[in-house]
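Notes follow once the structure below has been shown.
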Amino acid sequence: MSHQTPATDRPLTTALAEAAGTASHAPSVHNTQPWRWKVLPDSLELRVVRDRQLTATDPEGRLLAISCGTALHHARVALAAEGWTPVVERLPDPAQPDLLARLTGFRHTGADPDAMHMVQCMQVRHTDRRPVSEEPVPAAALSEIDRAATREGVNLQVLDDDQKLQLATAAQHAAAVAAEDPQLREELAYWTSRAGTGAGLPPEVLPEQAPRTTVPARDFGRPGSLPVGPGHDRAAAYGILWGAEDEPDSWLRAGEGLSAAWLTATRLGVSLVPLSGVVEVEGTRQVLRQLLSGLGFPYIALRLGIADPTHAGPPHTPRLDTAQTVDTSEVRDQLS
Ligand SMILES: Cc1cc2nc3c(=O)[nH]c(=O)nc-3n(C[C@H](O)[C@H](O)[C@H](O)COP(=O)(O)O)c2cc1C
C-alpha cells in the first residue's frame, strides 16, 4: 500500500506502534485491558484477549467490547495527533470474531491540534470514585460531552430527577444480585487483588468506605484506602450511553463514544465515572431500556460531576507493560 510520509514526520510504522502504546491509557472494566494490538508495516490490528474477559460478570462480552472500543478511540486520536487518518474496519472478518478492528489506508492529513490536546487529556484522565462537590456540571459542558459521543455514533441521555431515582433503585438491585452470586464475588476479588501485575484495581483507587450517594457506586467487595470525605452526589448528573443496536460492533462503537465523552469531560474539568453494574444484570438492563422509552439499547450508565477541588484525588491506576498489549514482532526492524 502506498502512503506519503512527509520528510519531517516520523514513519507511519513508528506512529502506529506509538499510537498502540498510547492506547494503554484507555479505561477498561476493572482495568482488565482486554486488548492486544498487532503493528504491521502500514496497518494496525486490534484483537480482544479472551483471557482477560470477565466471564462471570460479562459473559456476552458487552463490557469487553466497550473496553476495547475505548482503546480503539485512543489509538485513532493518537494517530490524528500525528496527522494520520486511517480507514477503520470494525469486525472486518466474520471468520475471526476476535479481530475487532483493522486500521488501514492511512492518509497523512497534517497534525490535528485538537487531537494533540486530547492526547494530553488521555494522560490525566482517570476514574475518581469519590463523591462529587456541590457544584453542578454546567449545561454547556453536558452538551459538549453529548456531542463528543454523538460524533462517534452513540447517544447520551441525561436523566431527569425522577429517572435518577429509578437508576438508583436499579443500581441497588444490581449490587444486591452481584453480592449474592459467589462467581461474581470471586471475579471481583480476583481483579481487586492483582497488585504489582499492572492490571486490576489497587486499594488506592477504591473508596475506604461507601460514599453516601443517591445512586450507589459499585461495591468492590472490599474497602480501599481512598478517603471519600463527606460529599454526596446531589449535584451530579447521570446519563446513559445508548444506541440502536445491541451487537458487538455497536458495543465497540459505544466504547469509542465513551472514550470521546470521557476525554472531553476531562478537558472541561468534569469527572466521569462509568456505572456498569446496572447493565451487567439482565433485569436492571431492561429497566434502563425503559428509561430510554424503548428507543434503543443501554450500553453503560455514567456519573458526571465536578470533583472535590480541595482534596487530592486518587492516583493513576497502573497499566500492563506495553509488551503485553502491543505486538511489534513483524515490524521490529522498521522501528526507529
Ligand atoms: C466498560 C467500563 C466499565 C466500567 N465500570 C465501572 C464501574 O461500574 N464502577 C467504577 O467505579 N468504575 C468503572 N469503570 C472504570 C474502570 O474501573 C477504570 O477505567 C479502570 O480501572 C482504569 O482506571 P482509570 O480509569 O483511572 O485509568 C469502568 C470502565 C469501563 C471502560
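Just so you know, ligand 1 is whichever comes first in the structure, and atom 1 is the first atom listed for that ligand. Computed over heavy atoms, backbone and side chain alike; hydrogens, waters and symmetry mates excluded.
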Answer yes if the side chains of [X] and [Y] hold a donor-acceptor pair under 3.5 Å, and no otherwise.
X	Y	value
Gln33	Asn31	yes
Thr150	Asp146	yes
Glu282	Gln286	yes
Glu18	Thr22	no

Test Arg253 against Glu247 for salt bridge (Lys or Arg N to Asp or Glu O under 4.0 Å), laying out the working first.
CA-CA 10 Å; Arg253 282 188 183 274; Glu247 301 295 331; over 6 Å; no

Within a distance under 4.0 Å of any heavy atom of [X], pick out the atoms of ligand 1 and give their elements.
X	answer
Arg218	7 (C), 8 (O), 9 (N)
Ile300	1 (C), 2 (C), 3 (C)
Leu275	8 (O)
Ile66	1 (C)
Arg125	24 (P), 25 (O), 27 (O)
Leu201	17 (O), 21 (O)

Do His126 and ligand 1 have an N or O pair less than 3.5 Å apart?
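No, no N or O pair falls under 3.5 Å.
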
Using distance alone, decide if ligand 1 has a nitrogen or oxygen within less than 3.5 Å of any nitrogen or oxygen in Pro274.
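There is such a contact, yes.
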
Indicate yes or no for a side-chain donor-acceptor contact from Thr13 to the backbone of Pro41 under 3.5 Å, with no hydrogens or angles considered.
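Answer holds: yes.
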
Main chain of Val205, side chain of Arg129: is a donor-acceptor contact present, judged purely on distance under 3.5 Å?
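Yes, the answer is positive, given that a donor and an acceptor are paired below the 3.5 Å cut-off.
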
Proximity winner for [atom], if only heavy atoms of [options] are counted:
atom	options	value
atom 10 (C) of ligand 1	Arg129, Gln33, Arg303	Arg129
atom 16 (C) of ligand 1	Ala26, Pro27, Ser28, Ser67	Ser28
atom 25 (O) of ligand 1	Thr57, Leu241, Leu64, Thr127	Thr127

Suppose we measure from atom 5 (N) of ligand 1 to each protein heavy atom; which comes out shortest, and what is that distance?
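In this structure, atom 5 (N) of ligand 1 has Ser276 OG, 2.8 Å as its nearest protein heavy atom.
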
What is the nearest protein non-hydrogen atom to atom 23 (O) of ligand 1, stated with its residue, atom name and distance?
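Here the nearest protein heavy atom works out to Thr317 OG1, 3.3 Å.
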
Just to be sure I read this right, does ligand 1 sit under 4.0 Å from the backbone of Arg319, its side chain, both, or neither, counting only heavy atoms?
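Side chain only.
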
Heavy atom under 4.0 Å from ligand 1: found in Phe220's side chain, backbone, both, or neither?
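Only the side chain of Phe220 comes within reach of ligand 1.
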
Given Leu64, which of Val29, Val48, Leu54, Leu100 fulfils the side chain to side chain contact (heavy atoms under 4.5 Å, CB included) condition?
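Of Val29, Val48, Leu54, Leu100, side chain to side chain contact (heavy atoms under 4.5 Å, CB included) with Leu64 is met by Val48 alone.
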
Side-chain touch Gln183/Thr57, heavy atoms, less than 4.5 angstrom:
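SC-SC contact between Gln183 and Thr57 ruled out.
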
Tell me whether the guanidinium CZ or amine NZ of Arg62 lies under 6.0 angstrom from the six-membered ring centre of Tyr299 and within 45° of its axis.
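Judged by the rule (NZ or CZ under 6.0 Å from the ring centre, within 45° of its axis), Arg62 is not positioned above Tyr299.
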
